[in-house]
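Notes to accompany the following structure.
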Protein chains: 2
Amino acid sequence: MAGRGEQSDERAYDPAAFPPFAVTADLAVFTLRDGSLCLLLVRRGVEPFAGCWALPGGFVQPHESADEAARRELAEETGVEFAGHLEQLATYSDPDRDPRMRVVSVAYVALAPSLPDVAGGSDAAEARWWPVTSMRPAELAFDHAHIVGDALERVRAKLEYTTLATQFVDEPFTVRDLQEVYEAVWGVTWDRANFRRKVLSTPGFVVSVEHGVRPGSATGGRSAQLYRRGDALALYPPILRPK
Amino acid sequence: MAGRGEQSDERAYDPAAFPPFAVTADLAVFTLRDGSLCLLLVRRGVEPFAGCWALPGGFVQPHESADEAARRELAEETGVEFAGHLEQLATYSDPDRDPRMRVVSVAYVALAPSLPDVAGGSDAAEARWWPVTSMRPAELAFDHAHIVGDALERVRAKLEYTTLATQFVDEPFTVRDLQEVYEAVWGVTWDRANFRRKVLSTPGFVVSVEHGVRPGSATGGRSAQLYRRGDALALYPPILRPK
DNA sequence: TCAATAGTGTCTGTCAGACAGTATGTG
DNA sequence: CACATACTGTCTGACAGACACTATTGA
């Protein structure tokens, strides 16, 4: 009740009364490689879970918010200022999720069109992209399997009612590129004509590049109109996953 | 990069290297009263923000997760084991959000059909339901205005593609009751015939109560069929807000 | 000219909005 | 009976799925 809440507030003045919480920002970074949705994982070098694959992440520092920590970690992973999409996913706070101490993890989802093959710099630690279909979530460290499941569902759901799909492709892109994003993330196939109609009838989803065409493939084929991301954030009406 | 992440892990063994994070669970509890969407707020008795209205909440204890803390706080507020819907919203971690110390707040959204007029027990602290249309978010304590905005958007969005609306009504209910939920939360009006068709054509949204009817109003009128919540969680296709 | 890819047109079923009409309850 | 509320039927326009068709490019 309210009174208890205020008692808790009083106790806030005495830091010794609190358990030592550590707060981390963990990242589920997705990209598209060879038409497959991939997730960035790093191999742990220390106990617990030494040798296991885990989500990249690190501790939130005293001067920064969890959002800032996530963006910093992302820049450290990729070696450059991250320009893609980053959003908070959820917070995982089970008391036993880390056997060493009390760690609360604020998890994030990031999307990027394409990133260097080996993420991270000259560091010896192993990091690689895993196609989500060949990954073994059950073997991930901590509760990261749970986080990855939530992250995948978030990404899949957000393609329905936001323009997030454009964050998976480099500009400029074709309608076909965008279609391949939906097909890879949802594991479905689209009728090209219907997908095209849907995308182009949504104002602000994509904007065409004047006189911009991409040459056909090596085996021939008509050149395709090129597009850039529009300024719309939401899709109305949404593009729903098939039942 | 991955190597740094593991250095951070090493540091985890030395609690002294970490800033003293406190973690709270804050609650945005919504209900429907007299056809208006209302939010539960408590008035703070101590500095900072003494006298300001704030979201109920409290500190996460050493033995519990943030989810458990939220459920515990909710039971303390309402005096009974909470039976409605509770879900995590987001985590707010700006370093300056609490002037006293570093507090990370995991915010939750809760929905309930109807709760006692004055939430909380015999405690003297003030707690009341505020219609969201007459509330002054800018005057809330801490960053609670921000949290409330996010919570409102979450609730509004979730009515679109989940069966969450049924959490706002007591069982058994009529289709009209459910319509009033959508109208109050979205601030729109529905055509009764179309709303009815939509609800009843979604399998598992509601199930009718055999031989259950509610008498007409005091001024006359046909009795209405009664329903209970179905077992569906998602609405497919969704009920979209008007553009 | 052929193969491959881009893009258009059109039919059809489903569904949402609008709204007229019927049924059943209270006074 | 009047009247209020519950419920049903139906028209129409928008749109999604299916798919046949035309256009343009490279070899």
Side-chain angles (χ1 to χ4, degrees), chain A residues 35 159-161 165 169 172-183 186-203 205-228 234-243, chain B residues 35 159-161 165 169 172-183 186-203 205-228 234-243:
Chain A
L159 287 203
E160 291 193 313
Y161 54 93
V169 289
F173 53 85
T174 67
V175 173
R176 188 63 180 271
D177 294 334
L178 206 53
Q179 180 177 344
E180 284 167 359
V181 172
Y182 278 88
E183 292 182 339
W186 287 350
V188 300
T189 57
W190 274 86
D191 178 277
R192 284 187 307 108
N194 294 337
F195 183 82
R196 174 185 190 73
R197 181 178 47 188
K198 186 72 194 165
V199 167
L200 298 183
S201 71
T202 300
F205 193 1
V206 299
V207 293
S208 67
V209 175
E210 292 294 326
H211 310 300
V213 292
R214 173 181 300 175
S217 72
T219 66
R222 179 171 166 180
S223 304
Q225 173 67 47
L226 290 170
Y227 297 87
R228 294 187 179 278
L235 296 181
Y236 193 94
I239 302 178
L240 296 177
R241 282 175 277 189
K243 207 178 325 190
Chain B
L159 287 203
E160 292 192 311
Y161 54 93
V169 290
F173 53 86
T174 66
V175 173
R176 187 64 181 270
D177 293 334
L178 206 52
Q179 179 177 346
E180 284 166 358
V181 173
Y182 277 88
E183 292 181 339
W186 286 350
V188 299
T189 58
W190 275 87
D191 177 279
R192 288 207 319 274
N194 294 335
F195 182 82
R196 172 184 191 73
R197 181 178 48 186
K198 186 72 196 169
V199 168
L200 298 182
S201 70
T202 300
F205 194 1
V206 298
V207 293
S208 67
V209 176
E210 291 296 326
H211 310 302
V213 290
R214 172 182 298 175
S217 72
T219 65
R222 179 172 166 179
S223 305
Q225 173 67 45
L226 290 170
Y227 297 87
R228 294 186 179 278
L235 295 181
Y236 194 93
I239 301 179
L240 297 178
R241 279 174 279 188
K243 208 180 321 189

Show each protein N/O and nucleotides 11-16 of chain D N/O combination with a separation under 3.5 Å, one pair to a line.
| unit_1 | atom_1 | unit_2 | atom_2 | d |
| --- | --- | --- | --- | --- |
| D:dA16 | OP1 | A:K198 | NZ | 2.2 |

A:D191 versus A:N194, closest heavy-atom pair with distance: OD1-N, 2.9 Å
Separation of atom CG in A:L200 from atom C1' in C:dG7, rounded to whole Å: 10 Å
Nucleotide of C:dT5, C:dT8, D:dC7 approaching B:A224 most closely (side-chain heavy atoms): D:dC7
Candidates C:dG7, C:dG9, C:dT5 - which lies nearest the side chain of A:R196: C:dG7
Nearest-angstrom distance from the residue atom OH of A:Y236 to P of C:dA16: 11 Å
Sub-4.5 Å side-chain heavy-atom contact between A:Y227 and A:V199: no
Between P of C:dA23 and CD of B:Q225, the distance in whole Å: 18 Å
Distance (rounded to the nearest 0.5 Å) between A:Q179 CD and A:T189 OG1: 8.5 Å
A:R176 CZ to C:dA4 P, straight-line distance once rounded to whole Å: 13 Å
Integer-rounded Å distance: C:dC15 P and A:L240 CG: 12 Å
Position toward the 5' end of DNA chain D (nearest nucleotide), A:W190 or B:A193: B:A193
A:R192 side chain, from C-beta outward: closest of D:dA6, D:dA4, C:dA6: C:dA6
Nearest-Å distance for atom pair CD1/P, residues B:I239 and C:dC15: 13 Å
Rounded interatomic separation in angstrom, taking CG from B:L226 and P from D:dA6: 11 Å
Nearest non-hydrogen partners of B:V188 and B:P242, listed with the distance: CG1-CG, 4.1 Å
Whole angstrom value for the distance that separates C1' of C:dA6 from CG of A:D177: 13 Å
Worked check of side chain to side chain contact (heavy atoms under 4.5 Å, CB included) between A:F173 and A:V206: CA-CA 9 Å; A:F173 53 85; A:V206 299; 3.6 Å; yes
Pairs satisfying salt bridge (charged side-chain N to carboxylate O under 4.0 Å, His left out), at least one member in residues 215-226 of chain B, at least two apart: none
Side-chain N or O of A:R222 closer than 4.0 Å to phosphate OP1/OP2 of D:dG26: no
B:Y182: partners by ring-ring contact (aromatic ring centres under 6.0 Å, His included), with sequence neighbours left out: B:W186, B:F195
